[in-house]
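Here is how names work: the chains are called A, B, and so on, in the same order as the sequence lines, proteins then strands, and each is numbered from 1.
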Protein chains: 4
Amino acid sequence: MLNRIVLIGRLTRDPELRFTPANGVPVTQFTIAVDRPFVNQKGEREADFIRIVAWRKLAEICSANLTKGRLVAVEGRLQIRSYDGKDGQRKYVTEVVADTVQFLDKAKSGPNDDSPDNFDADFSFDPGLDDIEGDGVPF
Amino acid sequence: MLNRIVLIGRLTRDPELRFTPANGVPVTQFTIAVDRPFVNQKGEREADFIRIVAWRKLAEICSANLTKGRLVAVEGRLQIRSYDGKDGQRKYVTEVVADTVQFLDKAKSGPNDDSPDNFDADFSFDPGLDDIEGDGVPF
Amino acid sequence: MLNRIVLIGRLTRDPELRFTPANGVPVTQFTIAVDRPFVNQKGEREADFIRIVAWRKLAEICSANLTKGRLVAVEGRLQIRSYDGKDGQRKYVTEVVADTVQFLDKAKSGPNDDSPDNFDADFSFDPGLDDIEGDGVPF
Amino acid sequence: MLNRIVLIGRLTRDPELRFTPANGVPVTQFTIAVDRPFVNQKGEREADFIRIVAWRKLAEICSANLTKGRLVAVEGRLQIRSYDGKDGQRKYVTEVVADTVQFLDKAKSGPNDDSPDNFDADFSFDPGLDDIEGDGVPF
DNA sequence: TTTT
DNA sequence: TTTT
């Protein structure tokens with residue numbers, strides 16, 4: 001019913017862009033390492049390695065811009081997907097379906113500006129209502 | 001950049017449906033009482049009264065279904081909106097622009113089913129990709 | 001670094017209370033079914049079955065009060081835990097470590113009041129500062 | 001009942017550390033500019049200026065380390081606080097009470113390491129259970 | 001100004 | 001493996 005997750009972490013490797021066989025829809029998948037908020041008994045900080053999936057335009061932007069080690073904020077929904085393995089066994093994949101991915105540091109060799117960028121899965125949150133919201137109507 | 005809020009609370013009164021003067025876009029505004037997670041020094045549980053705004057289809061669904069006292073989960077974005085008051089002073093309104101509103105209890109006099117309903121600001125998160133996601137492709 | 005998840009769903013079965021062998025710390029584990037925000041191509045609403053873990057006092061409260069079918073809101077952190085299976089293979093479990101569990105409907109046979117209850121993993125968010133926050137100091 | 005907000009934005013000025021008159025408890029307050037996820041009709045990206053409050057140890061860490069322009073992720077709870085103004089009018093302040101503040105960029109003149117740091121309002125989420133969680137018990 |  |  002409600003399913004919302006927000007993560008900040010670093011890519012463990014470069015994302016790869018794929019296309020679904022049936023419809024040619026762009027998908028990308030990558031994993032981010034998210035540090036735990038405490039240290040273990042050996043005093044080490046561990047991380048959770050969380051799988052992210054992005055679709056369509058967001059997939060293209062992510063695969064074009066992200067590389068191993070980049071810091072990102074991801075907003076999305078937790079999903080458990082199942083598929084049948086080659087061994088005939090039912091397998092389960094837990095992943096975060098991203099709605100938004102924000103780039104929090106800058107590419108090493110990029111045009112050296114300093115502001116993070118924000119990319120949405122779609123433009124749905126654009127209210128197209130700024131004329132309304134901005135015209136002083138206190139509704 | 002990232003701005004995400006999730007609330008559960010009860011409507012302090014019935015919502016009212018309005019339409020923006022310029023474009024006739026449906027808007028509704030209501031306030032929910034969200035209990036604080038602790039009691040004050042008098043042992044009382046206080047609440048925060050948080051203003052919610054919903055637009056378009058979501059506005060219509062909310063105003064048609066919600067009434068004072070109903071329990072809802074709201075997902076959205078925190079916004080500070082300014083407008084010029086009648087007294088010539090700049091005023092600020094803090095409110096949550098809802099993306100999703102979920103009805104967590106049932107209307108008192110409704111057809112007595114028991115499952116909460118979920119309504120989105122738009123259908124944008126519908127991937128329209130179930131054919132893909134469901135066909136066993138482990139991508 | 002940042003890892004925050006909020007879920008609303010229904011228990012798939014009664015939780016069971018256990019105690020860690022080493023220290024006797026209470027743990028409970030249960031799964032909630034979280035409806036997806038869209039229907040699949042057959043027009044069916046699917047759900048994600050998400051594993052929740054609660055520790056200590058929260059574990060006790062959950063196991064004492066929750067039963068199959070109950071509606072809850074869970075706040076926590078997504079964790080991927082590994083352990084070595086009996087077959088010598090490394091296994092991975094993805095689960096949400098709950099900080100807060102809120103009961104959103106009432107037990108069927110309970111003392112028939114209507115307000116949801118809220119339980120925290122700990123009292124850490126209690127600022128113990130109400131004397132301060134409430135005394136009109138605008139800081 | 002449930003009240004959770006996650007924000008990423010930049011400080012609009014240096015935070016200032018204060019102490020409550022009654023108990024000498026450290027408090028800091030600052031504002032972050034959070035870019036909206038869309039542009040207005042003039043093609044400009046606007047921001048919401050959101051007030052943050054941190055208490056005690058977190059207040060000290062924030063005021064000691066943060067300066068105008070720094071990028072932070074804030075997790076907390078939305079609160080509407082009231083106090084009586086000098087003009088005898090009841091005033092309302094909307095602010096986010098921070099549980100966690102994460103520093104997402106590095107201080108300009110700092111020891112040039114590259115990893116963001118994470119600070120909690122308290123250590124309550126530290127399960128102190130790593131011995132348990134890590135010992136291979138599949139509970 | 002407020003809900004249960 | 002699953003809830004309403």
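- Rounded to whole Å, the distance from NZ on D:K91 to P on E:dT1 is 12 Å.
- In the set F:dT4, E:dT2, E:dT3, F:dT4 carries the atom at the smallest distance from any side-chain atom of C:D35.
- Ranking F:dT3, E:dT1, E:dT3 by closeness to the D:R90 side chain, first place goes to E:dT1.
- Atom pair C:I50:CD1 and F:dT4:P shows a separation of 17 Å (rounding to whole Å applied).
- Within the 3.5 Å criterion, the main-chain N or O of A:L78 finds a donor-acceptor partner in the side chain of A:N3.
- Using a 4.0 Å heavy-atom cutoff across all strands shown, D:Y92 reaches sugar-phosphate atoms only and no base atom.
- Between the CG atom of D:D84 and the C1' atom of E:dT1 there is a distance of 15 Å, given to the nearest Å.
- A donor atom on one side chain and an acceptor atom on the other are not found under 3.5 Å apart for A:T31 and A:R51.
- When the side chain to side chain donor-acceptor pair (under 3.5 Å) test is applied to B:D48, the partners found at least two apart in sequence or on another chain are B:R36.
- Put simply, CZ on B:F30 is 22 Å from P on E:dT1, counting in whole angstrom units.
- A donor N or O paired with an acceptor N or O is found under 3.5 Å between the base of F:dT1 and the side-chain atoms of C:R13.
- Listed nucleotides: E:dT3, F:dT1, F:dT3. Nearest to the side chain of C:A47: F:dT3.
- Ionic pairing of D:D99 and D:R4 is present here: one or more N-O contacts between side-chain nitrogen and carboxylate oxygen are shorter than 4.0 angstrom.
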Inset, instruction - Start with the C-alpha distance between A:F49 and C:I80, add both sets of side-chain angles, then the distance that settles side chain to side chain contact (heavy atoms under 4.5 Å, CB included), and finish with yes or no. - result: CA-CA 7 Å; A:F49 294 90; C:I80 287 115; 5.6 Å; no
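- The distance from atom CG of C:L7 to atom P of F:dT2 is 19 Å, rounded to the nearest whole Å.
- Checking E:dT2, F:dT3, E:dT4 against every side-chain atom of B:R10, the shortest atom distance belongs to E:dT4.
- In this structure, A:I80 atom CD1 and F:dT1 atom P are separated by 13 Å, rounded to whole Å.
- You can call B:F49 stacked on the base of E:dT2; the centres are under 5.5 Å apart and the planes sit within 30°.
- Atom CD of C:Q102 is separated from atom C1' of E:dT4 by 12 Å (rounded to the nearest Å).
- The nearest whole Å value for the distance from the CZ atom in B:F103 to the P atom in E:dT4 is 17 Å.
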